Amino acid sequence: MPNKVRVRFAPSPTGSLHIGGARTALFNLLFARHNKGTFILRIEDTDTERSTEESASQIVRSLKWLGLDWDEGPEKGGEYGPYFQSQRLELYKREVQKLLDEGKAYYCYCTPEELKERREAALKSGKAPRYDGRCRNLSSEQIAKFKAEGRKPTIRLKVPEQGQTEVYDLIRGKVVFENSVLDDFIIFKSNGVPTYNFACVVDDHAMEMTHIIRAEEHLSNTPKQIHVYNALGYELPQFAHVPMILAPDRSKLSKRHGATSVEEFRDQGYLAESIINYLTLLGWSPEGNEEIFGLDKTIEEFSLKRVNKTAAIYDVKKLTWINGHYLRELDLDYITKQVIPFMIKKGIIDEQQSKEDYEYIKKIVDVSRDRAKTLDELADTIAFFFKDFDEYEEKGIRKHFSKENAAELLTKGAEVLENLQEFTHDTTEKAFRDLTGSLGLKAAALIHPTRLAITGRTIGPGLFDIIVLLGREKVVERMKKAAEWINENISK
RNA sequence: GGGCCAUUAGCUCAGGCGGCAGAGCACCUGACUUUCAAUCAGGGCGUCGGAGGUUCGAGUCCUCCAUGGCUCACCA
């Protein structure tokens with residue numbers, strides 16, 4: 001590769017960062033890092049109707065949260081800025097003027113209403129909705145007349161009517177488009193702002209992009225953009241179109257399919273590491289069979305050659321599995337810090353407690369993280385350490401509280417614990433085993449009801465881990481309370 | 001409707017030059033354990049979208065069809 005690789009992620013700030021967008025950003029970053037190139041973030045806010053600053057900052061936030069750091073762009077700056085298209089209008093005007101001067105583009109005075117009418121008529125009669133080029137050769141009288149009517153013109157690019165345009169795509173190979181299917185498309189809107197197909201090309205050239213890695217939906221736009229490159233005398237970059245991400249029903253991903261934005265996944269308790277790993281595997285595959293890929297490792301192995309062509313249907317189950325993996329493998333302090341906001345949000349603890357009891361929370365997370373798939377779930381499963389619960393799990397009541405001697409056993413167990421000298425994992429376990437042994441019972445006969453009594457659940461970490469962490473006072477109190485509950489509620 | 005892209009197990013994907021269909025997730029079973037999870041060990045007869053064709057031989061090459069997606073905006 002002669003030039004240093006420069007690639008960009010160019011979202012339009014009209015919403016939150018979609019997982020599809022996140023993956024496009026990821027693949028760009030992967031490609032840049034693998035090739036020791038530069039990864040640029042550019043905000044395409046030329047749609048003045050829909051673009052918002054809030055959306056732009058949300059996208060920036062999500063990207064940062066995912067750990068997808070760019071080298072040039074918003075907040076970072078760079079030699080090729082500004083990185084917001086709305087601040088680059090002068091450049092577009094200069095470039096489009098060149099096209100006008102050279103007769104490669106022309107003003108079109110057709111109104112949106114007229115265009116829409118013609119398009120619908122064409123569609124109705126089964127024809128392709130093409131612009132007919134009627135303003136290509138307007139006489140000065142006609143122009144004067146339109147101007148007198150107060151019409152504000154758009155600018156269209158003259159596209160050759162014959163021939164073909166070939167797109168060389170790094171992922172899909174050569175794709176040929178007949179020029180006859182194209183029309184003279186609008187490159188400048190009547191409000192003086194360029195359209196995507198123009199601004200994008202001007203910027204990609206001005207910012208010296210070597211590769212354009214973007215979603216498949218842009219493949220059909222590429223021949224148009226190539227005509228812009230040609231008209232402007234720009235050298236073509238290399239193109240690579242990555243497959244789309246579809247909903248489980250194969251339709252385009254939308255809100256009705258549940259979480260679609262990075263922030264939603266974050267709020268549901270997915271770690272950035274998991275989302276990155278999952279997205280890495282969605283559309284790209286390593287040479288080996290491994291599934292757990294951190295960013296660094298992927299950067300080393302990444303190649304556009306192994307990006308597949310098929311649209312991927314995202315499968316939350318696999319994301320969840322990956323998340324469970326990271327939940328138990330990542331640094332304990334890190335996971336603890338990640339779960340605390342969820343606990344606070346659920347009212348399990350408050351800000352103050354999260355600081356004072358940090359070490360305690362950490363120990364709890366340590367024994368509990370194995371069983372949870374998300375941070376949200378983890379927060380739920382450790383809530384009983386901090387708050388009393390008011391219900392016992394239904395299934396547990398039937399299995400463990402309905403036994404003849406359940407209440408009596410719990411009372412005895414509580415007494416044994418109360419009288420223990422040392423209160424540790426080993427001493428409490430020994431006490432339980434001794435007690436049940438002396439009664440001719442299995443330890444499980446006491447362990448199960450105790451778990452239900454002190455956690456409200458039938459599942460959870462090892463009982464003696466829980467007992468020690470919960471503390472003697474709480475354990476004894478909850479065991480006695482459970483015994484009372486049984487006497488009152490279970491009719492013999 | 002036109003153009004373009006795709007179609008291998010329920011899902012994500014491997015299968016350079018055509019030569020006996022694979023992995024992970026999910027699912028089921030067993031081991032371990034105080035429960036659950038984790039972990040380990042097992043469990044897949046898939047018309048490789050369909051139909052033709054080329055070939056000794058096709059998931060792999062060619063043609064047609066079907067299905068899905070993208071696109072044809074003064075959106076990106």
Side-chain angles (χ1 to χ4, degrees), chain A residues 10-14 44-47 49-51 108 110-112 115-116 119 122-131 152-156 167 169 172 175-178 180-183 185-191 193 195-197 199-200 215-224 241 243-244 246 248 250-252 278 281-292 305-306 308-322 324-325 328 368-373 381 396 399-400 429 432-433 442-448 450-452 457-464:
Chain A
S12 73
T14 54
E44 307 219 326
D45 53 354
T46 52
D47 183 348
E49 303 274 297
R50 298 194 303 154
S51 298
C108 169
C110 299
T111 64
L115 259 12
K116 191 179 173 204
R119 184 165 50 241
L123 242 20
K124 199 171 277 178
S125 62
K127 284 192 215 132
R130 267 176 100 256
Y131 174 68
K152 288 237 171 10
T154 59
I155 300 173
R156 289 182 185 268
V167 177
D169 187 283
R172 330 184 95 83
V175 182
V176 181
F177 294 85
E178 291 293 332
S180 59
V181 307
L182 267 27
D183 62 2
F185 57 94
I186 293 173
I187 54 179
F188 244 78
K189 304 178 226 176
S190 57
N191 65 358
V193 177
T195 57
Y196 163 72
N197 282 129
C200 176
E216 188 191 332
E217 56 187 306
H218 292 294
L219 184 56
S220 305
N221 283 138
T222 308
K224 292 183 179 183
H241 291 89
M244 310 260 313
L246 265 28
R250 300 203 69 85
S251 66
K252 194 165 183 166
Y278 179 64
L281 262 18
L282 210 56
W284 175 81
S285 60
E287 289 190 34
N289 274 334
E290 288 167 272
E291 301 279 337
I292 297 301
K305 286 199 191 79
R306 294 192 70 85
N308 73 307
K309 305 176 182 70
T310 321
I313 294 168
Y314 90 106
D315 176 18
V316 191
K317 280 186 193 154
K318 186 146 182 175
L319 206 211
T320 302
W321 168 72
I322 291 174
H325 171 86
R328 55 183 181 268
S368 307
R369 75 210 290 213
D370 267 16
R371 271 148 275 258
K373 299 287 190 195
T381 64
K399 283 182 76 174
H400 310 304
E429 176 163 8
F432 265 41
R433 292 193 187 280
K442 281 189 185 170
L446 177 56
I447 286 170
H448 293 304
T450 303
R451 174 178 286 105
L452 185 62
R457 299 165 192 242
T458 55
I459 59 171
L463 183 70
F464 304 103

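For the numbers below, each heavy atom of this structure counts, side chains included, while hydrogens, waters and symmetry mates do not. These figures come from a predicted structure and were not determined experimentally. A, B, ... follow the sequence lines: proteins, then strands. Residue 1 opens every chain.
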Self-check item: Separation between the P atoms of B:rA9 and B:rC48, rounded to whole Å
Solution: 9 Å
Quiz prompt | Any donor-acceptor N/O pair under 3.5 Å between B:rC74 base and A:T154 side chain | solution = no
Quiz item: Whole-Å distance between B:rG24 C1' and A:L319 CG?
Solution: 14 Å
Practice problem: Quote, to the nearest angstrom, the C1' distance that separates B:rU8 from B:rG15. | Solution: 9 Å
Self-check item: side-chain hydrogen bond (donor to acceptor under 3.5 Å, both in side chains) partners of A:T381, counting only residues at least two apart
Solution: none
Quiz item: Between B:rA76 and A:T46, is there an OP1 or OP2 to side-chain N/O distance shorter than 4.0 Å?
Solution: yes
Quiz prompt | Non-neighbouring partners of A:E178 that pass salt bridge (charged side-chain N to carboxylate O under 4.0 Å, His left out), sequence neighbours left out | solution = none
Quiz prompt | Base-contact (B) and sugar-phosphate-only (S) positions in nucleotides 31-38 of chain B, heavy-atom cut-off under 4.0 Å, - elsewhere | solution = ---BBBBS
Quiz prompt | Listed partners of A:A215 passing side-chain contact (heavy atoms from CB on, under 4.5 Å), at least two apart | solution = A:T24, A:E217
Self-check item: Gap between atoms CG and P, on A:N197 and B:rC75 respectively (whole Å)
Solution: 11 Å
Quiz item: Counting any heavy atom closer than 4.0 Å, what does A:H218 reach on the DNA or RNA strands: base, sugar-phosphate only, or nothing?
Solution: base
Self-check item: Set of side-chain contact (heavy atoms from CB on, under 4.5 Å) partners for A:I459, sequence neighbours left out
Solution: none
Quiz prompt | From A:T450 atom OG1 to A:L463 atom CG, the distance as rounded to the nearest 0.5 Å | solution = 6.0 Å
Quiz item: Atom NE2 in A:H325, atom OG1 in A:T320: separation rounded to 0.5 Å?
Solution: 14.5 Å
Quiz item: Between atom CD1 in A:I186 and atom C1' in B:rU71, what is the gap in whole Å?
Solution: 16 Å
Exercise. Provide, to the nearest angstrom, the distance between the CG atom belonging to A:D183 and the P atom belonging to B:rU71.
Key: 16 Å
Quiz prompt | Dot-bracket pairing map - RNA chain B, Watson-Crick plus G-U, both contacts under 3.5 Å, | cross-strand | solution = (((((((..((((.....[..)))).(((((.......))))).....(((((..]....))))))))))))....
Exercise. Determine the contact category for A:S220: base if any of its heavy atoms lies under 4.0 Å from a base atom, sugar-phosphate if only primed atoms, P, OP1 or OP2 are that close, otherwise nothing.
Key: base
Practice problem: Check the distance between B:rA73's P and A:N191's CG and give it to me in whole angstrom. | Solution: 18 Å
Quiz item: With sequence neighbours excluded, what pairs up with A:F432 under the ring pair (Phe, Tyr, Trp, His ring centres under 6.0 Å) test?
Solution: A:F464
Quiz prompt | Contacts of A:P223 that satisfy side-chain contact (heavy atoms from CB on, under 4.5 Å) - sequence neighbours left out | solution = A:T165, A:V167, A:F177, A:L182
Exercise. Have a look at A:K224 and say if it touches a base, only the backbone sugar-phosphate, or nothing, with a 4.0 Å heavy-atom cut-off.
Key: sugar-phosphate
Practice problem: Let me know the distance between CD of A:E290 and P of B:rC25, rounded to the nearest Å. | Solution: 13 Å
Quiz prompt | A:F188: ring pair (Phe, Tyr, Trp, His ring centres under 6.0 Å) partners, not counting sequence neighbours | solution = A:F198
Self-check item: Results of salt bridge (charged side-chain N to carboxylate O under 4.0 Å, His left out) for A:R50 - residues two or more places apart only
Solution: A:D47
Quiz prompt | A:E178 CD to B:rG2 P, straight-line distance once rounded to whole Å | solution = 15 Å
Exercise. Assign a letter to each nucleotide of nucleotides 5-17 of chain B from its 5' end: B, base within under 4.0 Å of a protein heavy atom; S, sugar-phosphate only; -, no contact.
Key: SSS---BBSSS--
Exercise. Answer yes or no for A:R156 and A:Y131: cation-pi contact, defined as NZ/CZ to six-membered ring centre under 6.0 Å and angle to ring axis within 45°.
Key: yes
Quiz item: Base, sugar-phosphate alone, or nothing: which one does A:R119 contact when heavy atoms must sit under 4.0 Å apart?
Solution: sugar-phosphate
Practice problem: Take the protein atom CZ of A:R130 and the nucleotide atom C1' of B:rU71, then report the distance between them rounded to whole Å. | Solution: 15 Å
Exercise. Mind checking side-chain contact (heavy atoms from CB on, under 4.5 Å) for A:H218 and listing every partner two or more places apart, or none if nothing turns up?
Key: A:Y196, A:R214, A:N221, A:H241
